[in-house]
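The block underneath contains the structure these notes are about, expressed in structure tokens.
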Amino acid sequence: MVNIFIANLDWSITSDDIKSTFSSFGEVKYAHVVYERETKRSKGFAYVEMADPDEAINAIKALNGMEINGRIVDVKIASEKKNRIKK
DNA sequence: AGTGAGCGG
């Protein structure tokens, strides 16, 4: 399982769009666009969890710097929840 | 409006 971080997404991009895009490169276990909890508006970035590291890397290589809806997205490996404490 | 969460556990 590899966590991928995608930033600079257009406001209109949805989790489903993310999932569909990454699914082209491999099995997407989970896709999730981050929204501002308070405003409900998109924060413009998202996360994708892929099953295979190779596919994840492949997806990142292919999608990083790619223009989507006029935005050059930034795709990179996400660290372990930003070292967030897990329980 | 603009760069690291949620899910499941």
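As the structure is a computational prediction, the values presented were derived from the model and not from experiment. Every chain is numbered from 1, with letters handed out A, B, ... down the list of sequences.
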- request: Kindly point out which of B:dG6, B:dT3, B:dA1 is positioned nearest to the side chain of A:N8?
  value: B:dT3
task: Taking the side chain as every heavy atom from C-beta outward, state whether A:F22 and A:I6 have any pair of such atoms under 4.5 Å apart.
output: yes
statement: Residues A:G44 and A:S42: closest non-hydrogen pair is N-OG, 2.9 Å
field: B:dG6, syn or anti by chi within 90 degrees of zero
entry: anti
Contact residues, residues 13-31 of chain A to DNA chain B [heavy atom, < 4.0 Å]: A:Y30
field: Between P of B:dA1 and OH of A:Y35, the distance in whole Å
entry: 17 Å
query: So how far is it from A:M1 CE to A:Y30 OH, rounded to the nearest 0.5 Å?
result: 11.0 Å
message: Please compare A:H32 and A:A7 by the position of their nearest nucleotide in DNA chain B and report the one closer to 5'.
response: A:A7
query: Of all residues at least two apart in sequence or in a different chain, which pass the salt bridge (charged side-chain N to carboxylate O under 4.0 Å, His left out) check with A:K76?
result: A:D74
query: Using a heavy-atom distance cut-off of less than 4.0 Å, which residues of residues 44-66 of chain A contact DNA chain B?
result: A:G44, A:F45, A:Y47, A:E49
- request: Could you state the atom-to-atom distance from NZ of A:K76 to C1' of B:dG4 in whole Å?
  value: 9 Å
task: Kindly give the heavy-atom pair with the smallest separation between A:K19 and A:A31, and that separation in Å.
output: CB-CB, 3.6 Å
message: Whole angstroms only, please: what is the CZ-P distance between A:F5 and B:dA5?
response: 8 Å
5′-ward residue of the pair A:R41/A:N3 relative to DNA chain B: A:R41
- prompt: Given atom CG of A:D74 and atom P of B:dG4, what is their separation to the nearest angstrom?
  reply: 12 Å
Below 3.5 Å, can you tabulate the donor-acceptor pairs from side chains in residues 10-18 of chain A to any protein atom, sequence neighbours excluded?
{"from": "A:D10", "atom 1": "OD1", "to": "A:R71", "atom 2": "NE", "distance (Å)": "3.3"}
{"from": "A:D10", "atom 1": "OD2", "to": "A:S12", "atom 2": "N", "distance (Å)": "3.1"}
{"from": "A:D10", "atom 1": "OD2", "to": "A:S12", "atom 2": "OG", "distance (Å)": "2.6"}
{"from": "A:S12", "atom 1": "OG", "to": "A:N69", "atom 2": "ND2", "distance (Å)": "3.1"}
{"from": "A:T14", "atom 1": "OG1", "to": "A:D16", "atom 2": "N", "distance (Å)": "3.4"}
{"from": "A:T14", "atom 1": "OG1", "to": "A:D17", "atom 2": "N", "distance (Å)": "3.2"}
{"from": "A:T14", "atom 1": "OG1", "to": "A:D17", "atom 2": "OD2", "distance (Å)": "2.9"}
{"from": "A:S15", "atom 1": "OG", "to": "A:V33", "atom 2": "N", "distance (Å)": "2.9"}
{"from": "A:D17", "atom 1": "OD2", "to": "A:T14", "atom 2": "N", "distance (Å)": "2.9"}

- request: Please name the pair of heavy atoms, one in A:I4 and one in A:V75, separated by the smallest distance, quoted to 0.1 Å.
  value: CG2-CG1, 3.5 Å
message: Quick one, A:I77 with A:V2, criterion side-chain contact (heavy atoms from CB on, under 4.5 Å). Give me CA distance, side-chain angles, the key distance, then yes/no.
response: CA-CA 8 Å; A:I77 299 289; A:V2 178; 3.7 Å; yes
Just list the side-chain donor-acceptor pairs under 3.5 Å for residues 47-59 of chain A, sequence neighbours left out, or say none.
{"from": "A:E55", "atom 1": "OE1", "to": "A:E27", "atom 2": "N", "distance (Å)": "3.2"}

